[in-house]
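Below is one structure, written out as structure tokens, with a few remarks after it.
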Number of protein chains: 2
Amino acid sequence: MTTLVDVAKKANVSKMTVSRVINHPDKVTDELKQLVYQAMRELDYHPNMIAKALVDKSTRIIKLCILEDIDTTEPYYMNLMLGIAKTLDLHQYSLQLVTRKNFDIGNCDGYVITGMREQDVEWIKKLKKPVIIFGENRYGLDYVDTNNKAGTYLLAQLALKKGYERLIYVGIDSKESFEYSRESGYLQQVQEKRMVPELHRFENHSHLAEQFVYDNWNKITQNTAFICASDRLAIGVERGIVRRGGKIPEGFGVTGFDGVFLNQVASPKITTIKQSIIEMGSACGENLLDKIDSNQSQGSLIFEPKISLGGTLRS
Amino acid sequence: MTTLVDVAKKANVSKMTVSRVINHPDKVTDELKQLVYQAMRELDYHPNMIAKALVDKSTRIIKLCILEDIDTTEPYYMNLMLGIAKTLDLHQYSLQLVTRKNFDIGNCDGYVITGMREQDVEWIKKLKKPVIIFGENRYGLDYVDTNNKAGTYLLAQLALKKGYERLIYVGIDSKESFEYSRESGYLQQVQEKRMVPELHRFENHSHLAEQFVYDNWNKITQNTAFICASDRLAIGVERGIVRRGGKIPEGFGVTGFDGVFLNQVASPKITTIKQSIIEMGSACGENLLDKIDSNQSQGSLIFEPKISLGGTLRS
DNA sequence: CTTAAATATGTTACCGATAACATCAGAGAT
DNA sequence: ATCTCTGATGTTATCGGTAACATATTTAAG
């Protein structure tokens, strides 16, 4: 490995000048800078992050804390990790997966936390190191998420455009922020069109949504679209409609919200919001690293939703 | 953070003595050792891995190189990463995910490579740092894998014990070592029982196996069990039998080999070999770290297969 | 009872970077 | 022409460890 000293010798300067070229280039004359750059190129110099870390007493470790149970069959966290790790590796940081339990074991430079609930806010706010939450929240903590409200708003809008005349919202029975946002996206669309909102909430299990549709079939008129808060619920609704002999998408529409692998084996595939978790994870990592470097909040990062067309809305 | 010097002061010794207590305890008298241990406990001392790494010019990075395309819907690699990362984190190493393309970017202390093919052997053997292959091979490279041969051997044995009289092997059309091993496990069982081996090979897609069963239904006698090289193929066989009206497990048996999430939604579930990828990944990490520390091969690690009973063999 | 060898502990230098301070040269002021 | 002052560059100390060498203390041998 070539070091600062090697470069310094080659460029005929002191190692401090080389260090400055890297960290404070404005404090070095262009002439010397060129010499140093040249030497760095010729020697293929890459700074030793370990030595740097020793000086700034940093750990180069970012902890990823997943506060909900991991369903390893879902690629969700795999993608999130992949995305975060991609950015971190680029900056020679490493990702450490921790649970609430072993959260405090070992030092680190910052945190990514996902699956946060209200009860977690208190201890998270007390953390001394930069934090970024994966998933929206209303407690003033910086986060990365899809624009949930815009997502259901757009899907509801699309459903109306396709001629469905009644919009029923099937939501998740939870107090989490993303659910409020998804509901309000639906509500806004419905209000703008002067329609009557119809909301139902269930735990996020397909069979509950399926049962609901099945049980209330007589009250469900033709030409209704179901705006669901998750793909799981949407798949349930889809099954319920099919079991009652309803036609999708001719008679009934269904939309979901990405987050579940099962959609890949559903038929027809749900029209839903496509979230690129990898990309979001990657951005999440960048945001956190910026926060660490600058020592100040970089704000939240909200991704605009993109509709993924399945076969559950008329085309 | 407390340092060596803090501990040294508290114990009234030089920092070198403290360092020795950690790395060469036999070179320090018991008396001093007790003092030092006491001080370390009182100060909750944890060695700074970064400083250590600077001294031994190590990076504390292990690269995980996945040579096949990642199917992010499969929890396989998620589990592998989780397993490796678990061990590495314990030893304050970090895991860096690389592809063949960016393999050489950045230094590291060792490699875990998976999805290796024959053409990869050459460059892998040239690597200067310790390597461990995830997945068996016959090129003398240390690896971690399930005992593939024992797996099919046991499944074939079980099928015979359950009274199936004919065993058809449905394998993967590939030259990879694990496939040879799975075939030979089947063959050995068949030879021991003086039966006639029947082997067929397909690409690892369920519909190919399904088509095969469907097309050859007239040649498939009642009381046959299919020993398949993968769950994917087993699911295909299962579907083929069902489409032809065959009864599983009464008339026909099917066994797979773990590796596919789809089995979780198959019905009935395939009787297969259960591989704990997390555990194997974890062992893989330990093996590699030992290799790095000792600077010599730790040999391969072969996990004995465990049968996971589904509903595709008579009980 | 010396003296050499073995053992236990301390001192120094170093890993590769950076901050803080020291030095030096040239620009501008008097 | 001399004296600041400023900006560019070099020197030293430091981060937290470890190896190599130096020194002090025992132990064993003759």
query: Is any side-chain N or O of A:Lys27 under 3.5 Å from a base N or O of D:dG7, one able to act as donor and the other as acceptor?
result: no
- request: Please check if any side-chain donor atom of B:Gln38 sits under 3.5 Å from a side-chain acceptor atom of B:Gln34, or the reverse.
  value: no
- prompt: Rounded to whole angstroms, how far apart are CG on A:Leu32 and C1' on C:dC24?
  reply: 14 Å
B:Arg60 CZ to D:dG16 P, straight-line distance once rounded to whole Å: 17 Å
query: For the pair made of CD in B:Glu31 and P in C:dT9, what is the distance, rounded to whole Å?
result: 8 Å
message: On DNA chain D, does the nearest nucleotide to B:Leu54 precede the nearest nucleotide to A:Asn12 from the 5' side, or the other way round? Give the residue.
response: A:Asn12
statement: Residue pair B:Ala51/B:Val13 against DNA chain C: nearer the 5' end by closest nucleotide is B:Val13
Salt bridge (charged side-chain N to carboxylate O under 4.0 Å, His left out) pairs, two or more places apart, involving residues 125-145 of chain B: B:Glu122-B:Lys126, B:Glu136-B:Arg138, B:Asp142-B:Lys291
- prompt: Out of D:dG16, C:dG10, D:dT9, which has the shortest distance to the side chain of A:Val28?
  reply: D:dT9
- request: Mind telling me whether A:Phe134 and A:Tyr76 have parallel, tilted or perpendicular rings, with 30° and 60° as the class edges?
  value: perpendicular
- prompt: Base, sugar-phosphate alone, or nothing: which one does B:Val5 contact when heavy atoms must sit under 4.0 Å apart?
  reply: nothing
- prompt: Among the nucleotides C:dG10, D:dG17, D:dC15, which one has an atom lying closest to any side-chain atom of B:Lys15?
  reply: D:dG17
query: Does B:Thr29 have a side-chain nitrogen or oxygen under 4.0 Å from the phosphate oxygens OP1 or OP2 of C:dT9?
result: yes
statement: note: B:Arg20, atom CZ; C:dG10, atom C1'; distance rounded to Å ~ 8 Å
Separation of C:dA8 P from B:Asp26 CG (nearest whole Å): 9 Å
message: D:dT9, OP1 or OP2 - any side-chain N/O from A:Thr17 closer than 4.0 Å?
response: no
Side-chain donor/acceptor of B:Lys306 to backbone N/O of B:Ile273, under 3.5 Å: no
message: Just N and O in the side chain of B:Lys52: are any of them under 4.0 Å from OP1 or OP2 of D:dT18?
response: yes
task: Give a yes or no answer on whether the side chain of A:Ser94 reaches the backbone of B:Ser94 with a donor-acceptor pair at less than 3.5 Å.
output: no
query: In whole angstroms, how far is the P atom of D:dT18 from the NZ atom of B:Lys57?
result: 16 Å
query: Any chance the side chains of A:Ser177 and A:Asn137 put a donor and an acceptor closer than 3.5 Å?
result: no
- prompt: Quick one: is B:Asn48 getting a side-chain N or O under 4.0 Å of the D:dC15 phosphate, OP1 or OP2?
  reply: no
- prompt: If only side-chain N and O atoms of B:Ser19 are considered, is one of them under 4.0 Å from the OP1 or OP2 phosphate oxygen of D:dT18?
  reply: yes
- request: Please determine if a side-chain N or O atom of A:His24 lies less than 4.0 Å away from the OP1 or OP2 oxygen of C:dT18.
  value: no
- prompt: Looking at A:Asp120 and A:Arg117, does any basic side-chain N land under 4.0 Å from a carboxylate oxygen?
  reply: no
message: From CG of A:Leu35 over to P of D:dT9, roughly how many Å is that when rounded to an integer?
response: 10 Å
message: My understanding is that only one of B:Thr146, B:Asp258, B:Asn79, B:Asn148 makes a side-chain hydrogen bond (donor to acceptor under 3.5 Å, both in side chains) with B:Gln275; could you say which?
response: B:Thr146
Rounded distance (Å) that lies between atom P of D:dC15 and atom CD1 of A:Ile50: 18 Å
message: Contact list please: residues 39-46 of chain A against DNA chain C, heavy atoms, distance less than 4.0 Å, in numerical order.
response: A:Tyr45
query: Counting any heavy atom closer than 4.0 Å, what does A:Asp56 reach on the DNA or RNA strands: base, sugar-phosphate only, or nothing?
result: nothing
- request: Tell me what B:Ser14 touches on the nucleic acid: a base, only sugar-phosphate, or nothing, going by heavy atoms under 4.0 Å.
  value: base
